[in-house]
Amino acid sequence: MSDLSGMTGFGRADGSQDGWVWTVEARSVNGRGLEVRFRGPPGFDGLERHAKARAQALMSRVR
């Protein structure tokens, strides 16, 4: 297993369905934590909080 504590990572996913469009981005810079952003239709701003919590629950950093 390699040490990734000094690495930078970025991922982006775009999706759409029935005229709705969204983007989710996740990034980690030099082990300073996970940043998750959600961009979606108006009125769905609260999903960013849920996306971040779910991503952090699924991913962990090995020290």
Side-chain angles (χ1 to χ4, degrees):
M1 183 173 283
S2 62
D3 180 13
L4 298 177
S5 62
M7 301 289 289
T8 298
F10 177 80
R12 176 182 172 140
D14 300 306
S16 64
Q17 184 173 348
D18 298 329
W20 300 79
V21 178
W22 61 86
T23 299
V24 178
E25 296 178 350
R27 100 179 52 215
S28 178
V29 179
N30 295 328
R32 293 186 186 151
L34 177 65
E35 180 181 327
V36 177
R37 293 185 182 168
F38 173 83
R39 294 184 189 103
F44 287 83
D45 301 331
L47 287 179
E48 184 169 9
R49 179 173 41 96
H50 295 291
K52 183 174 184 175
R54 183 69 177 145
Q56 288 176 331
L58 292 171
M59 295 181 248
S60 65
R61 188 172 128 211
V62 177
R63 291 182 180 215

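Computed from a predicted structure; not experimentally measured.
Here the shortest heavy-atom pairing between Phe10 and Arg27 reads CE1-NH2, 3.4 Å. Between Ser16 and Val21 the shortest heavy-atom distance is CB-CG2, 4.1 Å.
Two residues are said to be in side-chain contact when any heavy atoms from C-beta on lie closer than 4.5 Å; Glu35 and Glu25 fail this criterion.
Less than 6.0 angstrom separates the ring centroid of Trp20 from the ring centroid of Phe44.
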